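Data block below; observations after.
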Amino acid sequence: MSAATATDWELVVGLEVHVELSTRTKMFCACPTDFGGAPNTRVCPVCLGQPGSLPVANRGAVESAIRLGLALGSEIAPTSQFHRKNYFYPDMPKNYQISQYDVPLCSGGVLEVPDGQGGSKRVGITRVHMEEDTGKSLHVGGSGRIHGADHSLVDYNRAGIPLLEIVSEPDLRSAEEARAYLAELRAIVLALGISDARLEEGAMRCDANVSVRPRGGEPGTRCEIKNLNSLRSLGRAIEHEAERQVALITAGEAVQQQTRHWDEDAGRTQLLRTKEATEDYRYFPDPDLVPLEPDQTWIDQLAADLPELPAATRTRLAELGVPAEAARTIVAAGLTPVLDAALGEGADPVEAANWLTNEVAGWAGERGLEPAEVPLAGADLAELIALVAEGTLSKKLAREVLEGTLAGEGSPRRVASDRGLEQISDTGALEAVVDQVIAEQPDAAQKVRDGNDKAIGALVGAVMKATQGKANPQLVNELLRSRLSG
Ligand code: ADP
Ligand code: MG
Ligand code: ZN
């Protein structure tokens with residue numbers, strides 16, 4: 001390959017995404033999947049791989065996998081199989097992972113990735129298959145990574161939790177496209193309600209396969225990058241990895257197929273292992289599990305019952321006048337149900353979308369919550385908007401009221417009254433304050449009388465201060481003007 005400038009290079013990316021399903025029980029046993037148990041308390045002979053135990057596939061997990069396959073336009077296999085993927089690692093008690101191999105449950109499909117300019121790019125889906133999660137190792141001492149640790153502990157609570165692996169075709173051409181793909185896949189998963197898809201907590205994990213090639217040329221050798229637990233790391237890792245590969249090739253060296261670890265702090269990828277070949281895993285059909293043969297009527301029913309998917313939601317919101325950016329934020333955050341409930345209570349769509357994107361998403365972010373976890377009923381949002389529209393609350397007071405409602409103090413009307421935050425829109429109550437302020441600030445008052453309109457600001461401010469911000473500013477303005485005009 002001849003030396004070339006960076007602009008001659010084309011980036012090729014394919015993503016492998018793992019999604020932890022939020023079923024009540026594990027993939028092949030009845031152990032609960034909820035977080036937070038003491039280590040090794042959510043385990044049984046099946047997920048610990050003890051002799052004589054027999055796995056049985058979780059119907060709910062299979063249903064989630066089929067629904068995602070249908071949402072992506074995949075072919076649902078009438079017969080598919082579970083295979084054992086054999087390798088040793090301490091976090092995997094059986095020494096093999098139950099996965100799918102040559103006959104996955106879902107094959108093919110397309111993800112329409114929004115390009116941010118109103119269009120979209122079609123990214124091929126290779127397959128969606130089912131597997132089980134591993135346990136978690138905890139390295140004690142040193143930096144918390146295995147190298148330099150004093151000892152390691154292992155917790156099998158996560159071992160056996162159902163996972164979907166969604167493999168894309170190498171159709172992505174930039175870090176930005178890869179991020180948009182992951183965000184859209186996450187929004188689909190949230191719309192289907194099959195996982196909480198938290199990237200930071202590992203409920204959604206992404207490996208990026210990255211290669212570079214001269215534009216239009218033969219595909220290059222790819223490296224697989226692990227440990228990408230945010231959209232930001234995904235983008236940074238791809239860009240960094242592409243630069244590393246271009247530098248190698250430009251220097252006359254070959255890119256080796258490797259698995260690399262993204263180091264977020266150092267901002268670079270590091271060699272984890274030279275890529276293992278599929279043969280190394282000695283895949284063979286799991287003799288303990290019958291083939292999956294989902295009934296066609298079941299599949300048809302699941303297809304008919306699919307919810308509205310993100311692209312359709314965004315289109316619907318656009319038709320209601322919601323700006324594209326706000327619609328994207330709401331859909332990506334999984335806030336559509338709250339918005340729809342508020343609309344059902346008669347809220348104005350644009351107002352409701354503004355409150356959700358400007359206030360609610362921020363409130364969640366400050367507390368490390370997913371927006372969808374925000375304890376806000378659509379009816380409360382609608383009531384808040386109504387209180388502003390009828391003049392009971394200013395926007396500013398409404399923000400305070402929202403805080404109260406989110407803190408569990410009750411409906412907005414209740415919080416406004418309990419906290420004494422209603423806006424004063426009563427002319428009689430405000431006239432006295434207005435007169436007092438005019439008396440206290442004769443110079444400013446005279447300026448307004450002389451036609452200096454800007455001088456009124458100081459007077460409005462004084463009235464607002466005297467009423468602890470509760471006066472209706474528009475009414476204060478009108479009262480001051482009428483007092484000072486004659
Ligand atoms: P493996 O088991 O080696 O990870 P998979 O089939 O699970 O293989 O995934 C292969 C991934 O690599 C897919 O996401 C695919 O799109 C991607 N890929 C294949 N060829 C290339 C390439 N030349 N450059 C970048 N990604 C690639
Ligand atoms: Mg892989
Ligand atoms: Zn178990």
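Remember, it's 1-based here, ligands and their atoms both numbered in the order they're listed. Heads up: numbering here begins at 1 and tracks the sequence. Not measured: the values here are computed from a predicted model.
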Between K94 and D286 (salt bridge meaning N to carboxylate O under 4.0 Å), is one present in this structure?
no
Which is closest to atom 12 (O) of ligand 1 in terms of heavy atoms, N209, V13, L11?
N209
Which ligand 1 atoms are under 4.0 Å away from a heavy-atom of L15?
14 (O)
Can D34 and R42 be counted as an ion pair, charged N to O under 4.0 angstrom?
yes
Under 4.0 Å to a heavy atom of V167 - the qualifying atoms of ligand 1, by number
9 (O), 13 (C), 14 (O)
Numbered in order shown, the ligand 1 atoms found under 4.0 Å of a heavy atom of G14 are 14 (O), 16 (O), 26 (N)
Which of the atoms of ligand 1 are close to S211, meaning less than 4.0 Å from one of its heavy atoms?
22 (C), 23 (N), 24 (N), 25 (C)
Which one of S168, C223, A208, G124 has a non-hydrogen atom at the shortest distance from atom 13 (C) of ligand 1?
S168
Decide whether an N or O pair under 3.5 Å exists between P170 and ligand 1.
yes
Electrostatic pair E10:R173 at N-O distance under 4.0 angstrom:
yes
What I want to find out is whether E241 reaches R244 closely enough, with some N-O distance under 4.0 Å, to be called a salt bridge.
yes
Nearest 10° is fine: what angle sits at the Zn ion (ligand 3) between SG from C29 and SG from C44?
110°
Cationic N near anionic O, under 4.0 Å, E20 to R205:
yes
Ligand 1 atoms nearer than 4.0 angstrom to some heavy atom of E169 are 16 (O)
Quick one: which ligand 1 atoms are inside 4.0 Å of a heavy atom on G220?
23 (N)
Give a yes or no on whether a salt bridge exists between K26 and E132, defined as a side-chain N under 4.0 angstrom from a carboxylate O.
no
Salt bridge or not between D207 and K226? Use side-chain N to carboxylate O under 4.0 Å.
yes
Pairing of E325 and R328 as salt bridge, 4.0 angstrom limit
yes
Heavy-atom distances under 4.0 Å are what count here, so tell me which part of E224 touches ligand 1: side chain, backbone, both or neither.
side chain
